[in-house]
Amino acid sequence: MDMDKVYNSKEVEKKWSKYWVENKTFSAKIDKNKKPFTIVIPPANVTGSLHMGHALNTTLQDIIIRFKKMQGYNTLWVPGTDHGGIATQNVVEKLLKKEGITKYDLGREKFLEKMWQWRSETGDTILDQLKMIGCGLDWDRVSFTMDESRSKSVKKAFIQLFEKGLIYRGKRLVNWCPRCSTALSDIEVEYEDEKSNLWHIKYPLRDSDGYIIVATTRPETMLGDTAVAVNPDDERYTHLVGKTLKLPLVNREIKIVSDYIIDKSFGTGAVKVTPAHDVTDNEIAKRSNLETIEIIDINGKMINVPAKYQGLSVEEARKEVVKDLEEAGFLAKIEDYAHSVGRCYRCSTKVEPLMSEQWFLNVGEMSKKAVDAANDSKTVFHPQSWKRPYILWLENLRDWCISRQIWWGHRIPIYYCVDDKGNRTNCKPIASFDKPKECPHCKGKNFVQDEDVLDTWFSSALWPISVFGWGENENSQDLKYFYPTSVLATGHEIIYLWVARMVQFGLEFMKDVPYKDIFIHGIVRDKHGKKMSKSLGNVVDPRDIIEKYGTDALRFALAQSAAPGRDMQISEESFLAARNFANKVWNASRFILMNLEGIDKLDEKIKAAELADEWIIAEFESTLEKVKTAYDSYNTDAAAREIYDFFWTKYCDWYIELSKIRMTSSDINVKRQVLSILIYILKGTLQLLSPVMPFITSEIWQILNKDEKIIAESVFPKTKDSGFLESLEKMRIMQDIIVKIRTLRSEMNISPAVQIEALFDILDENKEKTVKENEHYIKQLAKIISIQFGKNIERPKNSALAVAGGFEIFLPLEGLIDIEKEKSRLSKEIAIAKQEVERTTAKLSNENFVKRAPKAEVEKIQTRLNDATVKIEKINESLKFLG
RNA sequence: GGGCAGUUAGCUCAGCUGGAAGAGCAUUUCCCUUACAAGGAAGAGGUCGCAGGUUCAAGUCCUGCACUGCCCACCA
């Protein structure tokens, strides 16, 4: 039972993280008698290692899981990792680059071997780290988005959607990353402001002398222009609509068209239209039946342009075009201009919109269903402020480009019939799990598979169903029992990228949402509010925090700062404070255990013997309620704060201190009685705290109850009302008196070692009984040797005065008191009391207040006025007495 | 351009349905009191972003503004 004076987190953490895994504490089996509570973890990329974001995200989920488990749910938290598509391929490509080779040198097959090798070597790092920080995951259910089972889900989903006609192939304008050499979906593009120019270019009319000026941020694309567009209501240009222009440098004839999308007030009100390389232009082109000329290829090089520009990069072409326009007199002016530029979310390269043959998913119907689900509260955001942006996004969603021109990922399960020479036939492509045996159209037996892979988010979107074997096992009992899951916890950065798509796929394949509650937490920032990033050098590594302060401190600090939906600024001090709290818990427990020495048996039932007992029980019951409510609504911050406040400022500072009176009693039964309450409250608090700080609470719990279940499997305290509410007010009176006396002692510089007497002059007879019954509290905590009660007690010479708890309290301080100091202190007290009199009098003399405010409120103010008046009177007497 | 948050003590933040401004860290004084100096006791520190309004009463509700951050958008 020996406990170190300081909590040693390292040993305890090693012990328990191992225990939970080895004993399969958090493994879940179907149990139809229990309600399931399920969470699927947001699968971390295999490239990842634990950072603050993970630590926060997984801590929050673990808190929920541990809480629900103690409440009797059959909890399941599914772990796993994501193959991470482009991001992961980029990592391995970089490694290859160091060896001086490219993926093309290796070829697809060999490159994929490298990828798998790398993934098997380092891909589980993050999972091991999650074990370390105590996550209550079911380690028998580790899933990976590219393992066999998950791959079957992906294929099944694709085939089903394809056969339903929702997946189609088409040549469309897509976001192209020239560096990754792949298409990206709309949300994989991040926009960033950039200082640039607005070039004003003259486009001469073919049939007259005039010209029209267009303004553009991308002059090089003028080589691919097929029209100029103006707003039909723009009077400056109405007479020109339908006229023909001669495109400078190219000399192609293009028309002036009208389109309502054009903003009359922007630039010159006339816009050059490049349908192949701009989204808006592409739409204008569709409406006006314009020709589309591709002038940039997938490598970012110019094509289909006059010879002198052919093959140039976009940047080079821009310089040349601007120079040539200027020389030929077509450049009207150049303005400074800031606008946002799309960049690849994986490598930050500027994205090039261009025409490309891709696979698309028609999301119209799925979006509608997801919107309905949100409107019908089948999905609920915490905080709810995310609902609107989420719905808006879904409503404006365009078809999802799901194909990627990379190698790492789920290869699209589409097979093309080919002839003997390997050329594609005209037969319809076939969507299939495996290579088809025979083409149903031409009976041919040769096929090639589509070269592209699926967007990594396609498999992520299936996660809540794929982890339960959807697609592999037609009759998955797990899926029936655990789906829909209970809550999804994630940061707001992937609401669209991931959350929305899971909902869409859940509704599509399971006819039900994947989870009801969507718990959105913030992002961890540094103490200056900056996003943590390697380049800024402000990254706080959770592993360093664990090393220095312990995992429980890390978890507590994160939980405490994580108000739903809000970003949090976190600094070293918060971890330090949490570590200190852990130590406090440790030492309070140590105190109790020390006093347990030699006590063989405790009382079975707790029995409140005096005021402090009733009070701490009432306080605990109220704390329990608040903590439960907080956990249930994902307000871990409130839960952490409530527990901290209760344990430290109520249990430790008051109850334990008061318990010492009985603890030193020679009567073993007295000691036994108070210990039973001390332990009852301690155990209860440990249970409230254990979802947040599982390690230290597990350890103490085990020391306390050698043979009982571990705390993670214990039953969470049930709501109770012992009817001790009156004790709260009584205790408040006692605390008021004790604090006032302490303040006097402190201000008079009287050492705690000096025991002094006190005279209590009774002012309020209603409080007399309570104070007399509990005078030993005052003696113990205010270091008073004896108390003499009486009425109209004459103030002793050289004494200090306090008015508190319905008493005028004199402390005779012969030889200890500084009369001048006492006088000035009393004057200050009087000033404060006078303010109180002013405030309350003002209120009470306000007719409207007395008339309209609730009675209780008026009485309260009246009492305050009376108290202050008495106080002033008494202090004045004392001042006179002092001379 | 639209939307959403935030603005309370030097710093990080609590303050639920409106009724006397709170915590932690930092700071000052005293204390190694036999659970804890990673501690205890006490103190100092705020006209709750600004301006209006509703109300007997506003940090709390309403309107407008300012600043900060985030998200969205077809910013040529």
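In the text below, chain A, chain B and the rest are named by the order of the sequence lines, each starting its count at 1. It should be emphasised that the depicted structure is a prediction, and the values quoted were computed from it without experimental measurement.
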Practice prompt. Using the test side chain to side chain contact (heavy atoms under 4.5 Å, CB included), find all partners of A:Pro232 that sit at least two apart in sequence or belong to another chain.
Written response: A:Ser258, A:Tyr260

Worksheet item: Charged N to carboxylate O under 4.0 angstrom, A:Lys286 versus A:Glu283?
Response: no

Worksheet item: Quantified in whole Å, what is the C1' atom distance between nucleotide B:G10 and nucleotide B:A44?
Response: 13 Å

Worksheet item: If we take the C1' atom in both B:U7 and B:G49, what is their distance in whole Å?
Response: 6 Å

Which atoms of nucleotides 74-76 of chain B (N or O only) lie under 3.5 Å from a protein N or O atom, and what are those distances?
from  : atom 1 : to       : atom 2 : distance (Å)
B:C74 : O4'    : A:Thr280 : OG1    : 3.4
B:C74 : O2'    : A:Thr280 : OG1    : 2.5
B:C75 : O2'    : A:Tyr337 : OH     : 2.3
B:C75 : N4     : A:Ser340 : OG     : 2.2
B:A76 : O3'    : A:Thr216 : OG1    : 3.3
B:A76 : O3'    : A:Thr217 : N      : 2.7
B:A76 : O3'    : A:Thr217 : OG1    : 3.4
B:A76 : N6     : A:Asp263 : N      : 3.1
B:A76 : N6     : A:Asp263 : O      : 2.4
B:A76 : N1     : A:Asp263 : N      : 3.4

Fill in: Euclidean distance, atom CH2 of residue A:Trp393 to atom C1' of B:C70 [Å, nearest integer]
18 Å

Fill in: First encountered from the 5' end of RNA chain B, between A:Glu747 and A:Ala563
A:Ala563

Item to complete: Mind calculating the distance between CH2 (A:Trp586) and P (B:C36) to the nearest angstrom?
Response: 14 Å

Worksheet item: For A:Lys851 and B:U55, what is the distance between atoms NZ and C1' respectively, to the nearest whole Å?
Response: 14 Å

Worksheet item: Does the side chain of A:His382 come under 3.5 Å of the side chain of A:Asn635 through a donor N or O and an acceptor N or O?
Response: no

Fill in: Heavy-atom pair of closest approach, residues A:Pro383 and A:Ile520
CD-O, 3.7 Å

Item to complete: Sort out for me which residue in A:Val692, A:Ile570, A:Ile545 forms a side chain to side chain contact (heavy atoms under 4.5 Å, CB included) with A:Leu558.
Response: A:Ile570

Fill in: Residue list, side chain to side chain contact (heavy atoms under 4.5 Å, CB included) with A:Glu619, at least two apart or on another chain
A:Trp615, A:Phe646, A:Lys650, A:Leu728

Worksheet item: A:Asn583 near the nucleic acid: base, sugar-phosphate alone, or nothing, with a heavy-atom cut-off under 4.0 Å?
Response: base

Discussion item. Counting the atoms with a prime plus P, OP1 and OP2 as sugar-phosphate, which does A:Val739 contact under 4.0 Å by heavy atoms, base, sugar-phosphate, or nothing?
Written reply: sugar-phosphate

Practice prompt. Using only heavy-atom distances, determine whether the side chains of A:Glu573 and A:Ser571 contain a donor-acceptor pair under 3.5 Å.
Written response: yes

Extract from the structure each pairing of a protein N or O with an N or O of nucleotides 25-30 of chain B at less than 3.5 Å, listing the distance.
none

Worksheet entry | Results of side chain to side chain contact (heavy atoms under 4.5 Å, CB included) for A:Thr649 - residues two or more places apart only | A:Asp645, A:Asp653

Worksheet item: Can you find a side chain N or O atom of A:Lys584 that sits less than 4.0 Å from OP1 or OP2 on B:G40?
Response: yes

Discussion item. For residues 738-755 of chain A, which residue pairs pass the side-chain hydrogen bond (donor to acceptor under 3.5 Å, both in side chains) check, not counting sequence neighbours?
Written reply: A:Asp736-A:Lys740

Discussion item. Stem finding on RNA chain B, please: runs of three or more consecutive Watson-Crick or G-U wobble pairs, both distances under 3.5 Å, sorted by first number.
Written reply: B:1-7 with B:66-72, B:10-13 with B:22-25, B:27-31 with B:39-43, B:49-53 with B:61-65

Worksheet entry | Check: B:C36 base within 3.5 Å donor-acceptor of A:Lys5 side chain | no

Practice prompt. When you get a sec, tell me which of B:A41, B:C36, B:C70 is the closest nucleotide to the side chain of A:His492?
Written response: B:C70

Practice prompt. Can you sort out the partners of A:Ser622 under side chain to side chain contact (heavy atoms under 4.5 Å, CB included), two or more places apart, ordered by chain and number?
Written response: A:Lys626

Fill in: Salt bridge present between A:Glu352 and A:Lys350 (N-O < 4.0 angstrom)
no

Discussion item. Looking at the base of B:A41, is there any donor atom on it, or on the side chain of A:Glu657, that sits under 3.5 Å from an acceptor on the other one?
Written reply: no

Discussion item. With a 6.0 Å cut-off (strictly less than), is the heavy-atom count around CD of A:Glu335, excluding the residue itself, greater than 12?
Written reply: yes

Fill in: Test salt bridge (charged side-chain N to carboxylate O under 4.0 Å, His left out) applied to A:Lys683 - qualifying residues, sequence neighbours left out
A:Glu708

Worksheet item: In Å, rounded to the nearest 0.5 Å, how long is the span from OG1 of A:Thr490 to CD1 of A:Ile495?
Response: 8.0 Å

Polar atom pairs between nucleotides 15-21 of chain B and protein, under 3.5 Å, N or O only, would you list them?
from  : atom 1 : to       : atom 2 : distance (Å)
B:G19 : O2'    : A:Glu857 : OE1    : 3.3
B:G19 : O2'    : A:Glu857 : OE2    : 2.4
B:A20 : N1     : A:Glu836 : OE2    : 3.0
B:A20 : N1     : A:Arg864 : NE     : 3.2
B:A20 : N3     : A:Glu836 : OE2    : 3.4
B:A20 : N3     : A:Arg864 : NE     : 2.8
B:A20 : N3     : A:Arg864 : NH1    : 3.4
B:A20 : N3     : A:Arg864 : NH2    : 2.7

Discussion item. Counting the atoms with a prime plus P, OP1 and OP2 as sugar-phosphate, which does A:Lys548 contact under 4.0 Å by heavy atoms, base, sugar-phosphate, or nothing?
Written reply: nothing

Worksheet, complete the sentence: Taken to the nearest whole Å, CG/A:Leu682 to P/B:A35 is 15 Å

Item to complete: May I ask you to say what A:Phe581 touches in the nucleic acid, namely base, sugar-phosphate or nothing, with a heavy-atom cut-off under 4.0 Å?
Response: nothing

Fill in: Separation between the P atoms of B:C62 and B:U17, rounded to whole Å
11 Å

Discussion item. Assess whether a salt bridge exists between A:Lys871 and A:Glu836, defined as any Lys/Arg side-chain N lying under 4.0 Å from an Asp/Glu carboxylate O.
Written reply: no

Practice prompt. Return yes if a side-chain donor-acceptor contact under 3.5 Å exists between A:Tyr345 and A:Glu190, otherwise no.
Written response: no

Discussion item. Base, sugar-phosphate or nothing for A:Arg590? Non-hydrogen atoms, less than 4.0 Å.
Written reply: sugar-phosphate

Discussion item. Rounding to an integer number of angstrom, what distance separates B:G53 and B:G46 when you compare their C1' atoms?
Written reply: 25 Å

Practice prompt. Could you give the distance separating B:G59 and B:A20 at their C1' atoms, to the nearest angstrom?
Written response: 14 Å

Worksheet entry | Geometric cation-pi criterion A:Lys584 and A:Tyr651, 6.0 Å radius, 45° cone | no

Worksheet, complete the sentence: Rounded to whole Å, CD1 of A:Ile832 lies from C1' of B:G43 at a distance of 12 Å

Worksheet item: Which whole number of Å gives the distance between the P atom of B:C4 and that of B:C11?
Response: 29 Å

Worksheet item: Which whole number of Å gives the distance between the P atom of B:C13 and that of B:G69?
Response: 14 Å

Worksheet entry | Partner set under salt bridge (charged side-chain N to carboxylate O under 4.0 Å, His left out) for A:Arg566, not counting sequence neighbours | none

Return the polar atom pairs (N/O with N/O) between nucleotides 1-9 of chain B and the protein under 3.5 Å, or none.
from : atom 1 : to       : atom 2 : distance (Å)
B:G3 : O3'    : A:Arg388 : NH2    : 3.0

Discussion item. In whole Å, I'd like the distance from the CG atom of A:Leu781 to the C1' atom of B:G40.
Written reply: 12 Å

Worksheet item: Considering only the P atoms, how many Å lie between B:C74 and B:U68, rounded to the nearest integer?
Response: 25 Å

